[in-house]
Structures are given as C-alpha cells and as structure tokens.
Amino acid sequence: MATEGAKRQPKYQRIADALRDAIQVGRYGPGDRLPGENDLMADYGVARMTARQALGLLQSEGIAESRQGAGVFVRSFRPLRRRGITRLAQSQWGEGRSVWAAETGGRVLVVDNVRVTEEPVPDGVAGVLGMEPGSPVCVRRRRFVLDGKPVLLATSYLPASLVAGSAVTREDTGPGGVYARLAELGFKPVHFREEIRSRMPSKAEADDLQLSTGTPVMLICRTAFADEGRPVEVNEMTLDSASYVLEYDFDA
C-alpha cells in the first residue's frame, strides 16, 4: 500500500523526498549544491516546472536555499532553539544579561537597523496597553542577525510617559535591556503573555530577513506586565520560521 501511495504522489514530491533522504544520510552536507533543474530533468525524465517545484518544496521547508545565479544549496544555518519561558526569567535580564544569552551559546548575534522614535500608538496596541488612541508611545524597531543571517524583526511599543528621559529611549538601553530599565523605573515585568501565529511574509519582511521563496514567518506578540497587571510593553516580532525551533518547557 505504501508503494501504491508513493506512486500516487506528484512527481515533484517524489523528487523532493529523494533529495531530502539524500541530505539526511549525508550525501549532501550543509552548504553543498543540490542537483539543478537540468540535472533533475535528465535524471527523472520530468519537465523543468516539475524539477523547479521539487527544489522549491525543499526551500519552503527550510532545508535548502537559493543563491542568485549559483543554484540551490543545502541550508547550512543551524536553527536557533528559542526557549520561550526560561529566556524571560528575571534571572536573565535582572542580572544584566540579554534574554538571548543562553540561546546563542557563543554564536555571533548582531542587532542592527535600530530606530527609536515617538509616535501615536497604533489602534491595536492602544487597546492592549490601555491607552487612549493617538497617545504617544516610544517605538523601538530593530533587526537581529545571527551568524550573519537575519532571523528576527522586532518592534516594541512602550507608553512614552512611562519611559521619558530613560535609557529605553536610546538605541543602546544598557545591560539587561528594556526590562532591566523598566525595573529601575519601578515597573519591573512580573508576567508575560505571548501569542503566536504564522503567515507568508510581506515583500519588505522577506527582503529584511533574506528569506528563500516560499518560506513563511512566525509572528510572536509579547505583552509584558508589571505589578497589578499593568501592561508596560507590547513587542511584535517577525521570525524566519526556518531559523527557529520554539521550545516551551513547563511543569504539569
């Protein structure tokens, strides 16, 4: 039955399965070039569109990536394991460490495209922060690049009246980041809520994250709460789905 089922698979799916198996057994290693469209057409007796679909499927799964003018290669980037609970523990930012510190394990993390502005609060964010529409918020936009690969875009919104004159309004917030500075202001985060969705990226997101064609993004919206349930930050994050493993470890 399994053989009959395999025969009913589209040809591009069977080719992609064969390439995936070859990668898993080590025939093609990280950074190796996969057979091109002409090679697959000759080896499998298929049309160019079928060969292109097979390679496209591997790219959409994050297994392979296309390099302009060079071909399709086995993805060499090692996914980042994002520990969604422990990364936000006060023992991290409360002691001056980045929430990324335990996850990157010595890998090179660069934060670029940092922009800090004051803007009217977006309607959706206003409701979460309990602010009047149009009220001023401090907006922090930045991109995170790991081992030379952009992996995340983040935009944080904080009530301007809460952080005025503090390091939160500067590009470099100092040791422990925004949460450590909020604690110094008397608004220490004591609870977090994250909502996760996924979709295909916009063109701007695909460009900023250097995504392969067909790669979706994960959207994580995190709200930080101080004492008495007061929301103090909304952080909207866009993640390259092929660059992450989301891990949540908690007691029953």
Side-chain angles (χ1 to χ4, degrees), residues 2-3 5-83 100 103-110 112-113 143-154 196-220 237-247:
T3 301
K7 289 181 178 179
R8 288 196 295 269
Q9 283 184 319
K11 289 181 180 179
Y12 78 88
Q13 178 74 66
R14 296 204 299 272
I15 297 171
D17 288 348
L19 291 173
R20 193 186 302 104
D21 289 344
I23 293 169
Q24 290 175 349
V25 300
R27 181 179 171 190
Y28 301 106
D32 286 350
R33 185 181 183 279
L34 292 173
E37 293 176 8
N38 291 337
D39 298 320
L40 296 177
M41 291 167 61
D43 290 346
Y44 291 92
V46 296
R48 183 173 301 279
M49 181 57 68
T50 301
R52 186 170 299 168
Q53 285 178 304
L55 293 171
L57 180 58
L58 295 181
Q59 292 175 64
S60 68
E61 294 174 354
I63 295 172
E65 58 186 358
S66 176
R67 299 178 189 171
Q68 188 68 34
V72 177
F73 295 77
V74 179
R75 190 178 175 94
S76 57
F77 181 83
R78 178 162 50 93
L80 178 68
R81 186 169 295 273
R82 183 183 188 273
R83 296 177 172 87
W100 289 72
E103 298 173 346
T104 53
R107 300 170 71 178
V108 178
L109 177 69
V110 175
D112 67 7
N113 297 351
R143 181 177 71 165
F144 294 82
V145 181
L146 185 65
D147 293 341
K149 169 70 175 73
V151 295
L152 181 146
L153 309 173
I196 303 174
R197 297 181 293 124
S198 64
R199 60 166 168 76
M200 297 307 295
S202 67
K203 184 180 186 306
E205 291 167 339
D207 290 344
D208 286 344
L209 290 171
Q210 299 176 12
L211 300 177
S212 298
T213 302
T215 302
V217 291
M218 293 183 289
L219 308 176
I220 300 180
M237 294 163 276
T238 303
L239 291 68
D240 170 9
S241 63
S243 294
Y244 277 90
V245 174
L246 302 186
E247 177 182 299

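This one's a predicted model, so the numbers in the text were calculated from it and none came from an experiment.
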| Roughly how far, to the nearest 0.5 Å, is the CD atom of Glu247 from the CZ atom of Arg83? | 5.0 Å
| said: Does this structure show an ion pair linking Arg20 with Asp17, if we count only N-O contacts that are shorter than 4.0 Å? | reply: yes
| query | Counting only N and O atoms by type, is there a donor-acceptor contact under 3.5 Å from the side chain of Arg33 to the main-chain atoms of Ala70? | reply | yes
| query | Just how far is it from atom CD1 of Ile220 to atom CG of Leu152, taken to the nearest 0.5 Å? | reply | 7.5 Å
| field | Closest contact, heavy atoms only, Pro216 versus Pro201 | value | CA-CD, 4.1 Å
Solution key, residues 40-51 side-chain donor-acceptor pairs under 3.5 Å, sequence neighbours excluded:
from	atom 1	to	atom 2	distance (Å)
Arg48	NH1	Glu37	OE1	3.1
Arg48	NH1	Asn38	OD1	3.1
Arg48	NH2	Asn38	OD1	2.8

| said: For Thr238 and Leu209: C-alpha separation, side-chain torsions, deciding distance, then whether side chain to side chain contact (heavy atoms under 4.5 Å, CB included) applies. | reply: CA-CA 9 Å; Thr238 303; Leu209 290 171; 4.2 Å; yes
| task | Can you see which heavy atom on Val74 is nearest to which on Gly29, and at what distance? | result | CB-O, 3.3 Å
| Side chain to side chain, Thr215 and Ser241, heavy atoms closer than 4.5 Å | yes
| Got a sec, which residues hit ring-ring contact (aromatic ring centres under 6.0 Å, His included) with Phe144, two or more places apart in sequence or on another chain? | Trp100
| field | Under 3.5 Å donor-acceptor, Ser66 side chain and Val72 backbone | value | no
| request: Inspect the contact between Glu65 and Arg67 and indicate whether a charged nitrogen and a carboxylate oxygen are less than 4.0 angstrom apart. | output: yes
| task | Measure the spacing between CG of Leu58 and CZ of Arg75 and express it to the nearest 0.5 Å. | result | 12.5 Å
| query | With sequence neighbours left out, what residues match Asp112 under salt bridge (Lys or Arg N to Asp or Glu O under 4.0 Å)? | reply | Arg143
| Does the side chain of Ile23 reach to within under 4.5 Å of the side chain of Ile63, using non-hydrogen atoms? | yes
| Does Arg82 pair with Asp240 as a salt bridge, N-O distance under 4.0 Å? | no
| message | Contact between Met218 and Leu246 at the side-chain level, heavy atoms closer than 4.5 Å - yes or no? | response | yes
| field | From Arg27 atom CZ to Leu19 atom CG, the distance as rounded to the nearest 0.5 Å | value | 8.5 Å
| Pair Val151-Leu239, side chain to side chain contact (heavy atoms under 4.5 Å, CB included): steps then yes or no | CA-CA 6 Å; Val151 295; Leu239 291 68; over 6 Å; no
| Are the side chains of Tyr28 and Pro35 in touch, meaning some heavy atoms are under 4.5 Å apart? | yes
| said: Tell me whether Asp147 contacts the main-chain N or O of Lys149 through its side chain, where contact means a donor paired with an acceptor under 3.5 Å. | reply: no
| request: State, yes or no, whether a side-chain contact exists between Leu146 and Val108 at a heavy-atom distance under 4.5 Å. | output: no
| query | Shortest non-hydrogen contact from Val145 to Pro150? | reply | CG1-N, 3.9 Å
| query | In Å and rounded to the nearest 0.5 Å, what is the OH to CE distance from Tyr244 to Met237? | reply | 9.0 Å
| query | Is the side chain of Glu205 donor-acceptor paired with the backbone N or O of Ser202 at a distance under 3.5 Å, no angle test? | reply | yes
| request: For the pair Leu80 and Val245, evaluate side chain to side chain contact (heavy atoms under 4.5 Å, CB included) and give the outcome as yes or no after the intermediate values. | output: CA-CA 6 Å; Leu80 178 68; Val245 174; over 6 Å; no
| request: Could you walk me through whether Leu219 and Arg199 pass the side chain to side chain contact (heavy atoms under 4.5 Å, CB included) test, one step at a time? | output: CA-CA 8 Å; Leu219 308 176; Arg199 60 166 168 76; 3.3 Å; yes
